[in-house]
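For reference, the structure is listed below as C-alpha cells.
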Protein chains: 2
Amino acid sequence: MGHTWLGLMARTPRNTLSADLIVRTALELMEAKGTDAFSLRGVAGELGVGPMALYTYFRNKDDLYDAVRDHLMGLLPAVPSDAPWPDQVRAVCRSLRLLMLQHPCLAQLLAGRPLSGHETARVAEGLLGVLRAAGFDAETAARTHTTLFTYVLGSTSWEIQMAAERRDPEAWRRLRTSMESLSARDFPSVVELAPELARTTGGDEQFDYGLDLLLAGLQLRTPS
Amino acid sequence: MGHTWLGLMARTPRNTLSADLIVRTALELMEAKGTDAFSLRGVAGELGVGPMALYTYFRNKDDLYDAVRDHLMGLLPAVPSDAPWPDQVRAVCRSLRLLMLQHPCLAQLLAGRPLSGHETARVAEGLLGVLRAAGFDAETAARTHTTLFTYVLGSTSWEIQMAAERRDPEAWRRLRTSMESLSARDFPSVVELAPELARTTGGDEQFDYGLDLLLAGLQLRTPS
DNA sequence: CACCGTACTATACACTGTACGTTAGGAGCA
DNA sequence: TGCTCCTAACGTACAGTGTATAGTACGGTG
C-alpha cells in the first residue's frame, strides 16, 4: 500500500495510469478537438480505460480542468529581473497572452474557475513582486494585479473567440451579413468604422494599445 | 399563412408561443437556476410545450443565447449627452457593468459568442459616437472601443465568477485552504497580500481603479 | 369546401457526467 | 507461504443534454 509521505498520500498506481498522464492526455484532446468537444469519456478512451478510472485521480471534471490549467500555467517563463518595472509588467502580461494564444483552451480554463494551484500562485507572485519592488503599497499592488490580470484575460479571450468564429465559414458569413444589414442612418459610427473594428479585433497591436493605456495611467501614480 | 412584411417572414403563432415569450422565459430560467443549469427542455417545460417547439423560432441553442443577449443589451440606457467625453465613457462602461451584475448570465452570454444584433450595435454606436465626437481618429476610436469593452467584460466576468464561488461554501473552503497552504518562503508577496487580494476582487472601487487607469492613459492622447 | 404551409408533437439517437457496486491484484504481516 | 486489507480500475446504470427526423393538426387562402 502507499505510505504517507510528508502528509500526502502517494497512491500506488497498478497500471500505466497517473494524474500527470491524464492531465497531458486531456490537454492534447482539448487542443485537438476544442475545449467544448472535450469529455471525460474521450480522454478515458484515449487512455484505453473506462471513464470511471479517472475518478481515482480527480474528484470530478472541474477538478481535472483545474489540474490542466495549473499545468499550463507552469509553462510561463520567469519574470525578467534586469529591467525597469514597466517593462517587467509588460513582459508578464505578454507572456500570459502568448501562452493563451498557443493554448486556446486556457482562456476557457481561466474564465470559469477561481485561481488555485501552485503554478498559478507562482505567476501571481512574480507580478506582485515586481509591483512591490516598484514601490507600490499593498492595496495598489493588489488592485493593479487584478486589473492587469482581468485585462489580459478579457482581451485575449475575446481575441481567441473571434479568431475561432472567423474560421467557421458559416458563422462568419452570418456575422458579416448581420453587420452589413445595419442602417447607416441609425448606426453611422458602427457602419463607418466597420473596417477598423474588424481590423482591431485582436492582434499584438490591439493588445499593446490597451496595455500601454493601463501602464501610462499607472506611471502617473508611480510612487516618488 | 403569414405574409411577408418588409421582407421579414412573420410567422403565424397558433398558440401563445412567440420568440419574445421564449426569450423572456429563457432569461427567467437563467437568472433563477444559473446559466449552467439552463436547458432547452427546461424552458420548453416552463412553457408547457415540447422541446422541439422552440426550433420553430430559433435554429439552435446558441441562436437563443444570442437573442437573450441582445434582449439584455436593449436594457442599457442611452449615453448622457451633456457631459465631457471622459464622463460619458465612464457612464457607458459603468452601466454595462451594472447590467452584468444585475443579470449575471450576461457575462457568459457575452463571453462565448461574437457581438451581433441591433441592440448590441446600438451600444457600440453610443460609445463609438462619443469617441469620434471627442476627436479621436477612426483607428484610435475602434481600438479604444475594443479595449474598453474587453476590460469591462473581463473585469466584471471575473467579479461575478468570484462572487458565485464565494457563495458555494464547499468551493470557498477549498479555495481558502489551498491559499493558506502556500509557503510564505516561496510566495512571500502572495501570502503577504492575501487580504488585499481578497478585498480587491470585485467591487466598484476595483472596477473604477482599472477604468481610471485606462482613461488616464487615454487622456494623454487627447487630440489637440 | 379543399388545400397547403406551418406551428407543434412524438420518437429516437448519440452523447454527457457521475453514483453505485464489483472485481482483481499488489503490499504488509502472521 | 497464506491471509487480509486496500484500492485501482471495471461495468452497469441513471438522469440528463441538444437536436435530427417524421408525423399531426390547425389556420388562412384559393
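Every chain is numbered from 1 and lettered A, B, ... according to where its sequence line falls, protein lines coming before strand lines. Just so you know, these numbers come straight off a predicted model, no measurement behind them.
In this entry the distance linking CZ of A:F58 with C1' of D:dA8 reads 14 Å, nearest Å. The CG atom of A:L64 sits 10 Å away from the P atom of C:dT18 (whole-angstrom rounding). Taking atom CG of B:D36 as the reference point, atom P of C:dT16 lies 18 Å away to the nearest angstrom. Rounded to whole angstrom, the span from the CG atom of A:L47 across to the C1' atom of D:dC10 amounts to 15 Å. Atom OH of A:Y57 is separated from atom P of C:dT18 by 18 Å (rounded to the nearest Å). We find that CG of A:L54 is positioned 13 Å from P of C:dA19, with the value rounded to whole Å.
Annotation: ring-ring contact (aromatic ring centres under 6.0 Å, His included) contacts involving residues 147-174 of chain B, sequence neighbours excluded, comprise A:F149-B:W158, A:W158-B:F149, B:Y151-B:F207.
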Pairs under 3.5 Å (N/O, protein and nucleotides 18-22 of chain D):
unit_1, atom_1, unit_2, atom_2, d
D:dG18, OP1, B:L40, N, 3.1
D:dG18, OP1, B:K61, NZ, 3.0
D:dG18, OP2, B:L40, N, 3.1
D:dG18, N7, B:R41, NH1, 2.5
D:dG18, O6, B:R41, NH1, 3.3
D:dT19, OP2, B:Y55, OH, 2.6
D:dT19, OP2, B:K61, N, 3.0
D:dT19, O5', B:Y55, OH, 3.0
D:dT19, O4, B:R41, NH1, 3.4

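Take A:R173 and apply the side chain to side chain donor-acceptor pair (under 3.5 Å) test, not counting sequence neighbours, and it matches A:E170. Judged as a side chain to side chain donor-acceptor pair (under 3.5 Å), and not counting sequence neighbours, the contacts of B:R90 are B:D212. Every residue was checked against the side chain to side chain donor-acceptor pair (under 3.5 Å) condition with B:D186, not counting sequence neighbours, and none meets it.
Using a 4.0 Å cut-off between a side-chain N of Lys or Arg and a carboxylate O of Asp or Glu, B:E205 and A:R143 qualify as a salt bridge.
Residue-level contact check: B:A53 touches the bases, meaning some heavy atom is under 4.0 Å from a base atom.
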Let me have the donor-acceptor pairs involving side chains of residues 66-80 of chain A, under 3.5 Å, with sequence neighbours excluded, atom names and distances please.
unit_1, atom_1, unit_2, atom_2, d
A:D66, OD1, A:R69, NH2, 3.2
A:D66, OD1, A:R113, NE, 3.0
A:D66, OD2, A:R113, NH2, 2.9
A:R69, NH1, A:S116, O, 3.2
A:R69, NH1, A:T120, OG1, 3.3
A:R69, NH2, A:P114, O, 3.1
A:D70, OD1, A:E119, N, 3.4
A:D70, OD1, A:T120, N, 3.0
A:D70, OD1, A:T120, OG1, 2.6
A:D70, OD2, A:H118, N, 3.3
A:D70, OD2, A:E119, N, 3.3

